[in-house]
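Counting convention: from 1, in listed order, for ligands and their atoms alike.
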Amino acid sequence: MDFKTAVANEILSALNAAFGSADIAAADIAAALEIPPDTALGDYAFPCFKLSKALRKSPMMIADALADAIHADFLGKVESVKGYLNFFIDRAIYAEKVLTLARGQGDAYGADGSGAGKTVVLDYSSINIAKRFHIGHLSTTMIGNSLYRLHKFFGWNAVSVNHLGDWGTQFGKMIAAYRRWGDHDTVAAGGVDEMVKLYVRFNKEAEENPALNDEGRAWFKRIEDGDPEALEIFNWFKSVTLKDAERVYDMLGVKFDSYAGESFYNDKMQPVIDVLKEKGLLVEDKGAQIVDLSDWGMPPALILRSDGATLYITRDLAAAKYRKDTYNFDKSLYVVAYQQDLHFRQLFKVLELMGYDWYRQCEHVAFGMVSFEGEALSTREGHVVYLDDLLTQAVEKARAIIEEKSPELTNKDEVARQVGIGAVVFFDLYNNRIKDIDFSWDRALNFDGETGPYVQYTHARACSVLRKAAGTEAAAPDFSALSDPFSQDVVRLIEQFPDILKSAVNRSEPSMVTRFSVDLAQAFNKFYYENKVMVDAPGTRAARLMLTDAVRQTLKQALYLIGVEAPERM
Ligand code: ARG
């Protein structure tokens with residue numbers, strides 16, 4: 001039973017009974033229903049001033065008349081207060097309906113199939129070849145992963161794309177350096193770090209010996225021309241980088257459907273450039289080809305350099321078109337830091353000018369910067385935090401805490417992994433994505449704060465309550481035992497879960513789910529403190545166990561949807 005719709009239907013029939021006809025649809029009434037901030041004002045409130053013009057009556061009069069006309073079993077009370085109609089749902093019926101629905105649907109609770117038949121392409125993580133995975137790429141990876149899971153949850157066909165940064169003159173330099181000073185075994189053993197060393201040495205020596213740069217350019221040209229030797233080395237660099245990254249993705253539980261990166265579009269840009277020409281959008285500027293965007297208050301989009309080389313945006317134009325042609329998406333998301341805001345505004349504008357009305361389906365999902373323990377990160381100044389180091393440390397720290405708190409736990413390594421990594425991911429997804437975040441160990445790993453470990457711990461507590469109850473006599477739940485405010489707060493949150501998930505998808509905002517999980521964990525812990533679950537009265541016990549089980553299931557699902565695991569014992 002959907003209480004919102006039920007309340008809206010009651011209002012509609014009361015309107016018809018009291019005023020003849022009201023000329024408003026049930027759906028509009030449902031949309032106007034508010035959830036009062038304080039439950040003393042009811043579960044739903046309907047602001048009657050919305051109708052006073054059409055009915056030519058004061059909100060107070062309308063509210064009074066409707067309150068008199070509405071009588072339904074599921075409503076404990078209907079009050080008219082200052083032009084508002086406040087609805088109090090019968091506590092026991094409310095708990096019964098919500099918990100029965102949630103438990104009945106299990107993991108599918110809230111999945112309304114609204115994405116069926118639709119496709120979303122998600123571009124996230126999108127790391128750069130021959131660079132180590134640092135925490136600057138954590139947010140894109142985890143926001144993207146969560147949006148991927150959320151869309152799938154609602155039945156979307158979701159395609160995750162790692163748009164690799166695998167194109168640019170630096171790769172020519174890297175090959176030149178490798179050919180001069182590198183050897184296979186060192187790079188194979190040292191991975192990305194060795195490649196970076198070669199690159200740094202190359203740039204240093206090139207300061208003395210500028211001819212090196214020509215060598216680098218020549219190698220890059222060979223990559224572009226598809227020269228087998230150049231490609232072999234370059235593809236090997238790529239696979240070494242990806243092998244390193246794969247370890248991090250495994251730790252985070254992240255997967256991609258496609259690794260088509262910038263170089264994948266080498267042979268797919270000409271058609272895009274042709275369209276730009278046909279539409280008269282390309283203008284020459286000092287030998288370069290640009291699209292003038294001054295009418296929209298933006299600097300020009302640089303499409304071809306004077307030497308004919310393509311650019312980041314040229315590749316993104318080709319990628320956007322390729323994704324539309326290949327996946328026929330209904331929505332295409334780019335989870336990329338807000339620093340690239342201009343790039344994406346230019347990209348979408350050029351797509352629009354090219355006549356692709358699907359540019360409207362493209363969206364830049366921007367997010368803020370990460371600093372670490374109060375210090376900004378900068379590759380140049382050597383202040384970098386690598387993701388695999390961070391995750392490994394998180395697991396070690398979690399391990400120490402678990403050792404202290406639960407020495408008797410048997411699978412400490414496994415739980416330390418789930419808690420340590422969960423803490424990092426949860427912290428990253430806790431705030432509105434556009435906010436900058438400062439990563440802090442104390443705040444991420446605090447078992448009593450608004451953290452991953454806290455929510456995981458609450459989930460494990462629910463599991464433990466249910467384990468202890470297994471084997472006791474089962475009875476029909478007495479839902480009136482859930483009429484107290486603590487139980488009701490839990491029930492209300494469970495009822496809201498589907499709407500929270502929907503908003504999270506619509507706004508591309510995983511933090512709504514993260515926050516929700518904290519609210520539910522807090523409400524459950526209060527309930528647990530105030531109410532004994534294993535009481536003698538079998539009906540009361542059964543009702544409280546059912547609530548506990550619904551909390552367990554909802555917390556687990558919320559954590560899953562933000563990419564965090566939920567251990568059953570901690
Ligand atoms: N590789 C880029 C970076 O690390 C992000 C690419 C984002 N995706 C895109 N289609 N432009 O900054």
Please list, one pair per line, the donor and acceptor atoms closer than 3.5 Å that link side chains of residues 163-174 to other protein atoms, with sequence neighbours excluded.
from   : atom 1 : to     : atom 2 : distance (Å)
His163 : ND1    : Arg323 : NH2    : 3.2
Asp166 : OD1    : Glu262 : N      : 3.1
Asp166 : OD1    : Ser263 : N      : 2.6
Asp166 : OD1    : Ser263 : OG     : 3.4
Asp166 : OD2    : Lys238 : NZ     : 2.8
Asp166 : OD2    : Ser263 : OG     : 2.9
Trp167 : NE1    : Glu224 : OE2    : 2.9

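The aromatic ring centres of Tyr124 and Phe367 sit 6.0 Å or more apart.
Within 4.0 Å of ligand 1, protein heavy atoms belong to Asp123, Ser126, Asn128, His137, His163, Tyr312, Asp316, Tyr334, Val336, Gln340, Phe344, listed by chain and number.
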- Test log, rule salt bridge (Lys or Arg N to Asp or Glu O under 4.0 Å), inputs Arg417 and Glu414: CA-CA 5 Å; Arg417 184 187 61 76; Glu414 166 83 349; 3.6 Å; yes
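Residues Leu555 and Ser517 come closest through the heavy atom pair CD2-O, 3.6 Å.
In this structure the side chain of Tyr359 never reaches within 4.5 angstrom of the side chain of Met354, judged on heavy atoms.
Figure legend: cation-pi geometry between Lys556 and Tyr560 absent, as NZ or CZ is not positioned both under 6.0 Å from the six-membered ring centre and within 45° of its axis.
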